[in-house]
Chemist: 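Sharing a structure below in structure tokens format, with a few things to ask.
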Amino acid sequence: MENKNIGISILKSLIFSYILTGIILCILAFIMYQTEVSTKVANLGVTFTYVAASVFAGFIIGKRMGKRKFLWGLAVGLLYFAVLFLISLLLDQNQALMSGERITAMLLCAAGGTLGGALALPPAAGSKPLPGSSILPPQFSSYS
């Protein structure tokens, strides 16, 4: 795959992961608004969101790249965290640069991306997917 396509694939996987992040955080905010959820549960929900979005990004990039899926998933997971980290620095400049929570979030994003890359298994030789069985649009499927 040429370098231009690699960059576009990474960008698309990150965009889809941030869309998923937005959806999950909106659902979490709605649940918190409707119920009296503790801060611990809210923090757990945000952590789950980071991991789920990283797994999703790793899965997308793994399907697109085909080889070295673990490494591509790891890279996308770290990029996902890096963007979140930079945004949080811009919004609140008085925070500690690296805290235990941020290091944990970075490791979870990296692990999630790696897991997503690992889950992006290639199809069996000669097999075709069932119609409508892919969760991704056709342009992101390795079958087309």
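Remember, predicted model here, so these are calculated numbers, not experimental data.
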Chemist: Mind checking whether Met65 and Ile6 have side chains closer than 4.5 Å, heavy atoms only?
Modeler: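 Of all side-chain heavy-atom pairs linking Ile6 with Met65, at least one is under 4.5 Å.
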Chemist: Report yes or no: do Leu108 and Phe59 belong to one cluster of Ile/Leu/Val/Met/Phe/Trp/Tyr joined by side chain heavy-atom distances under 4.5 Å?
Modeler: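 Yes, Leu108 connects to Phe59 through the hydrophobic network.
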Chemist: Test of understanding: clusters of I, L, V, M, F, W, Y form through side-chain heavy atoms closer than 4.5 Å, transitively. Do Tyr33 and Phe48 belong to the same one?
Modeler: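 Different hydrophobic clusters.
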Chemist: Look at the side chain of Lys69 and the backbone N and O of Ala120, then say whether any donor-acceptor pair between them is shorter than 3.5 Å.
Modeler: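 Yes; judged by distance alone, with no hydrogens or angles, the pair exists.
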Chemist: Spell out, yes or no, whether Val51 and Leu119 are grouped together once hydrophobic residues are joined by side-chain heavy atoms under 4.5 Å, including indirect joins.
Modeler: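 Val51 clusters together with Leu119.
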Chemist: Kindly compute the distance separating CG (Leu74) from CG (Leu78), expressed to the nearest 0.5 Å.
Modeler: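 Rounded to the nearest 0.5 Å, the CG-CG separation comes out at 4.5 Å.
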Chemist: Shortest non-hydrogen contact from Ser17 to Leu14?
Modeler: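 Heavy-atom minimum between the residues: OG-O, 2.7 Å.
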Chemist: Tell me, with the steps shown, if Val76 and Trp72 meet side-chain contact (heavy atoms from CB on, under 4.5 Å).
Modeler: CA-CA 6 Å; Val76 170; Trp72 285 112; 5.5 Å; no
Chemist: Please say whether more than 12 non-hydrogen atoms of neighbouring residues, nucleotides or ligands are located less than 6.0 Å from OH in Tyr18.
Modeler: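 Yes, enclosed.
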Chemist: Only one of Val46, Ile19, Thr49 passes side chain to side chain contact (heavy atoms under 4.5 Å, CB included) with Ile24; say which it is.
Modeler: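 Considering Val46, Ile19, Thr49, a side chain to side chain contact (heavy atoms under 4.5 Å, CB included) with Ile24 is found only for Thr49.
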Chemist: Tell me the closest heavy-atom pair linking Leu20 and Phe56, and the distance in Å.
Modeler: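 Taking every non-hydrogen atom into account, CD2-CB, 3.8 Å.
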Chemist: Could you measure the distance from the CG atom of Leu44 to the OG1 atom of Thr39? Nearest 0.5 Å is fine.
Modeler: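 It comes to 12.5 Å.
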Chemist: Between Thr35 and Val37, what is the shortest heavy-atom contact and its length?
Modeler: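 That would be OG1-CG2, 2.8 Å.
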Chemist: Look up atom SG in Cys109 and atom CG in Leu79, then write down how far apart they are to the nearest 0.5 Å.
Modeler: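 If we round to the nearest 0.5 Å, Cys109:SG and Leu79:CG are 11.0 Å apart.
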Chemist: CG of Asn5 to NZ of Lys12: how many Å apart, nearest 0.5 Å?
Modeler: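 Result: 8.5 Å between the selected atoms.
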Chemist: In terms of hydrophobic clusters joined by side-chain contacts under 4.5 Å, are Leu91 and Leu84 together?
Modeler: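 Linked within one cluster.
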Chemist: Is it true that atom CD of Glu36 has more than 12 heavy atoms of other residues, nucleotides or ligands lying nearer than 6.0 Å?
Modeler: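 Open.
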Chemist: Hydrophobic cluster membership, with links at side-chain heavy-atom distances under 4.5 Å among I/L/V/M/F/W/Y: are Leu71 and Leu11 in one?
Modeler: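 The answer is no; the residues belong to distinct hydrophobic clusters.
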Chemist: Working to the nearest 0.5 angstrom, can you tell me the gap between Ile8 CD1 and Ile15 CD1?
Modeler: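 That separation rounds to 10.5 Å.
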Chemist: Starting at OG of Ser54, measure out to OH of Tyr80 and round the result to the nearest 0.5 Å.
Modeler: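 Atom-to-atom, Ser54:OG and Tyr80:OH are 5.5 Å apart.
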Chemist: Is the ring centre of Tyr50 less than 6.0 Å from the ring centre of Phe81?
Modeler: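 Tyr50 vs Phe81: aromatic centres not under 6.0 Å.
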Chemist: Nearest heavy-atom pair of Thr21 and Ala53: which atoms, and what distance?
Modeler: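 Looking at all heavy atoms of both residues, the closest pair is OG1-CB, 3.2 Å.
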